[in-house]
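Heads up, the thing below is written out as structure tokens.
This is a predicted model, so every value here is computed, not measured.
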Amino acid sequence: MFAALGRFVNKFPWYIIGAWLLLAVIVIALAPKLTSTQDTSSFLPSKYESIKATNLQTKAFPTATQPGAILVFDRADGGKLTATDSAQITSIVATLNNSPKLDKTVFIPGVAGQPSKDGIVEIATFGLSAKSSGFDDHAFKAVKKLRTEAQAETKKTDADLHLGVAGQVAQQSDAQDASKSTLALVFIGTILIIVILLGLIFRSVIICLLPLLTVAIVQFVANGFIAWANQLFNLKADSSVQEILIVVLFGIGTDYILFLLFRYRERLRAGDDPKAALVTAMERAGEAIASAGGAVIVAFMALILSSLSIFRSIGPALAIAVAVTLVAALTLIPAVVSLLGRRLFWPTKKYLIEPEGAQFAKIGAAVGKRPVLYAAASGLILAVLAVFALGFTPSFDFDSSLPAKAESTKALHTLEAHLPAGETNPITVMLESTNGKQIDPTELPAYAKDIAAAKGINQVAPGIVSKDGKTALFSAILDGSPSSQAAEDNVRGPIRAAAHSHAPPGTRAYVGGQTSVFVDLGKAMARDYSIVFPVAALIILLILALLLRSLVAPLYLMASVGLGFAGTLGATVVMFQHIKGDSGLVFLLPIYIYMFVVALGTDYNILMIARLRDEARLGKPPREAVAEAIKHAGPTIGSAGLILTGSFATFMLAGNSLIVSLGFSLAFGIFVAAFVMAMFFTPALTAIIGHRAWWPGHGDETDDEHFARTGTHYEQH
């Protein structure tokens with residue numbers, strides 16, 4: 001099939017390139033803008049307690065609000081605020097409330113006069129309007145206007161005041177700005193790595209530019225298809241999707257280009273003319289590329305089984321990106337290669353000369369000679385790291401991911417130093433009548449007192465009763481940061497327990513707020529791990545079985561990838577929780593490691609095992625086949641792994657602790673997948689198992705053996 005595709009590409013290269021350009025133009029003209037959300041509560045289904053509390057609050061108290069922006073005032077000299085200072089603060093807030101530049105669709109008028117006990121800090125809170133989610137571009141523009149006006153009014157006063165703006169909207173706005181900076185760094189870093197490494201590998205200007213030009217076309221098409229899918233199915237993707245898409249499109253796209261070009265160059269070295277070389281390269285590499293791409297797509301699509309909308313969105317988005325990249329790798333890239341022929345390698349003329357004494361030939365010979373040693377050594381190293389994965393502590397502390405120089409970060413630190421940190425995001429306790437009767441108001445003070453006695457609560461405001469008298473709302477401030485591990489533990493345990501057990505007869509309670517959302521996200525993640533991972537593993541196992549016509553090889557290939565996953569997570573825990581001293585790692589990390597390390601680790605294993613099969617079909621015994629496979633497939637896997645490792649490593653330039661840990665884990669995981677699992681562990685196991693690796697099929701039989709058994713040659717398939 002892939003040889004036929006190669007012949008088709010050779011015959012109609014201009015038509016294929018023209019079709020891709022036309023498709024890109026159509027998508028650019030018609031597709032909606034690809035957007036993302038910062039609203040973590042929107043990721044959860046309605047069955048969770050935090051969402052039940054939010055929905056009940058919206059229904060019973062449509063005018064109730066969460067703090068959207070918090071103006072944090074202190075004196076520039078660090079002293080206590082005076083009565084004059086407080087009067088000036090009240091005047092500033094009044095001016096802002098009357099300013100036409102305060103967007104009333106985002107913020108309700110602010111309230112001043114909330115000083116700290118030590119007199120150092122005073123805050124003014126601008127609540128979030130019921131018309132705004134607080135997580136969209138409109139809200140972010142509004143808070144920037146509020147900041148500008150507030151700073152201008154503060155400078156007009158005679159008081160020696162310093163102002164910083166924190167709060168939900170301000171922090172999310174700063175997070176989005178930081179994300180844009182990260183996106184630029186990732187893009188520039190990825191491009192530089194691809195160009196430099198391709199230049200070193202091929203010494204060709206055209207090959208350096210090939211991924212940039214072709215993937216640029218693919219990016220427009222993929223982004224448009226993803227935006228259409230998001231719009232059609234109301235999917236919600238978080239802000240990291242843009243950075244991930246860049247690496248997927250350029251990193252994986254370059255990988256598939258390398259898979260093809262190494263085979264193409266190998267056939268040219270064997271004496272084939274360019275057209276014939278492309279057909280043979282497509283026949284040999286096409287199956288591996290399609291199978292590898294299929295495994296990645298399946299891994300991503302398995303995320304639709306997640307209970308969290310973030311993964312149900314990012315999974316299909318990345319699957320679409322890989323699918324478009326895969327089709328381009330099998331059509332657009334070969335069409336360009338067909339047109340250019342030998343000119344593809346300009347200006348070098350040494351592409352036909354195979355290097356003598358290549359390092360991969362030495363590695364292959366060593367692994368083929370001592371497979372038990374290499375399998376044990378590589379497996380043991382990852383097994384030791386995998387033990388540390390058991391210490392993974394999920395973190396929802398998104399505040400720590402903001403740049404230290406961001407205004408909201410500085411203002412938050414000032415607030416937390418003098419006021420309860422929970423001021424920024426109070427939790428809500430919703431009391432709902434279950435018998436159709438109105439709630440007895442006289443029972444509310446005692447209930448508020450019971451909640452206030454729970455561990456982790458700093459103070460509880462008096463309960464507010466809805467108009468119909470059947471719902472009551474209590475706002476509670478936590479002792480520490482709402483996104484800290486301690487706050488989550490307290491909400492999960494004593495706070496929810498107190499709210500539920502002390503609810504007056506005929507009522508039930510729900511605990512809401514951001515911290516409660518984080519607790520429920522943890523529950524949802526645990527559920528997802530038990531469903532998504534096994535389903536994806538099973539489907540990938542089936543793909544491998546179909547590709548290799550074997551039941552044995554897929555089992556140890558998946559074991560290899562699983563060990564790589566656990567070792568990567570363990571290494572990240574060691575680096576950030578033990579060495580760096582972080583209290584936890586972003587809760588999304590295992591899913592991201594699964595998506596890329598498992599999916600792409602399978603890619604590299606497929607490429608290596610497919611080459612192993614080809615060498616075995618030439619009549620080589622298992623150990624010799626391993627040596628030859630590493631010699632020929634090693635440079636491809638090494639180059640692809642190095643490019644993708646470098647691409648993910650660019651995340652570490654972000655200065656954002658969450659993105660840095662993500663970049664480290666993915667770069668480490670891809671490096672392990674390419675240079676440990678695919679290069680040593682998988683071929684060593686194949687050498688040890690020998691012919692039994694292909695049971696019950698006949699994947700390693702020679703063409704003569706295949707003809708004797710079936711009456712056909714491999715080339716006839």
Side-chain angles (χ1 to χ4, degrees), residues 16-38 135-137 140 176-177 179-191 194 209-257 293 296-297 299-301 303-304 309-333 336 592 595-596 599-600 644 647-648 650-651 654 659 662 666:
I16 292 171
I17 295 171
W20 272 98
L21 291 174
L22 179 61
L23 178 60
V25 170
I26 292 172
V27 170
I28 292 170
L30 301 179
K33 181 182 178 182
L34 180 60
T35 58
S36 59
T37 178
Q38 303 273 350
F135 295 94
D136 52 35
D137 289 337
F140 298 157
Q176 186 188 63
D177 290 342
S179 178
K180 290 177 180 177
S181 300
T182 300
L183 186 64
L185 283 171
V186 169
F187 180 78
I188 294 170
T190 300
I191 296 302
I194 289 173
L209 298 177
L210 184 61
L212 308 187
L213 298 177
T214 54
V215 175
I217 297 172
V218 172
Q219 183 179 21
F220 286 123
V221 175
N223 284 351
F225 285 169
I226 293 167
W228 269 320
N230 287 351
Q231 188 179 72
L232 183 61
F233 299 105
N234 192 29
L235 301 176
K236 298 177 184 296
D238 82 323
S239 57
S240 66
V241 70
Q242 297 280 11
E243 292 95 327
I244 298 296
L245 278 174
I246 284 179
V247 176
V248 166
L249 290 167
F250 281 93
I252 295 180
T254 304
D255 272 8
Y256 293 163
I257 290 172
V296 177
I297 291 169
F300 289 158
M301 283 303 295
L303 291 175
I304 62 175
S309 65
I310 176 178
F311 295 129
R312 290 200 308 274
S313 299
I314 197 172
L318 296 177
I320 290 170
V322 173
V324 175
T325 304
L326 176 59
V327 174
L330 295 174
T331 57
L332 178 60
I333 301 301
V336 175
Y592 279 121
M595 286 195 299
F596 291 100
L600 296 174
L644 206 54
S647 298
F648 280 123
T650 59
F651 285 14
I659 300 296
L662 181 64
L666 297 184

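- What you find for L249 and A222 is that their closest heavy atoms are CD2-CB, 4.0 Å.
- For the residue pair A328 and V218, the shortest heavy atom distance occurs at CB-CG2, 3.5 Å.
- In this structure, the separation between OG1 on T214 and CD1 on I333 is 3.5 Å, given to the nearest 0.5 Å.
- No side-chain heavy atom of V27 sits under 4.5 Å from any side-chain heavy atom of F220.
- Atoms CD1 and CD1, from I304 and I314 in turn, are 15.0 Å apart once rounded to the nearest 0.5 Å.
- Every residue two or more places apart in sequence or in another chain that forms a side-chain contact (heavy atoms from CB on, under 4.5 Å) with L212 is listed here: I191, V195, L209, F250.
- In this structure, I320 and A229 approach most closely via the heavy-atom pair CD1-CB, 3.8 Å.
- Taken to the nearest 0.5 Å, the CD1 atom of I16 stands 8.5 Å off from the CG atom of L332.
- The list of side chain to side chain donor-acceptor pair (under 3.5 Å) pairs with a residue in residues 245-255, not counting sequence neighbours, reads D255-Y604.
- Contacts of T331 classified as side chain to side chain donor-acceptor pair (under 3.5 Å), with partners at least two apart in sequence or in another chain: W20.
- Here the straight-line distance linking atom CG of L23 with atom CD1 of I28 works out to 9.5 Å at 0.5 Å rounding.
- In this structure, I217 and L21 have side chains that are in contact, with non-hydrogen atoms separated by less than 4.5 Å.
- Residues T325 and G253 share a closest heavy-atom pair of CG2-CA, 3.4 Å.
- Residues V322 and F300 have side chains in contact (heavy-atom distance under 4.5 Å, counting atoms from C-beta outward).
- Residues P32 and A227 approach most closely at O-CB, 3.3 Å, considering heavy atoms.
- Every residue meeting the side-chain contact (heavy atoms from CB on, under 4.5 Å) condition with L30, not counting sequence neighbours, appears here in chain and number order: I26, W228.
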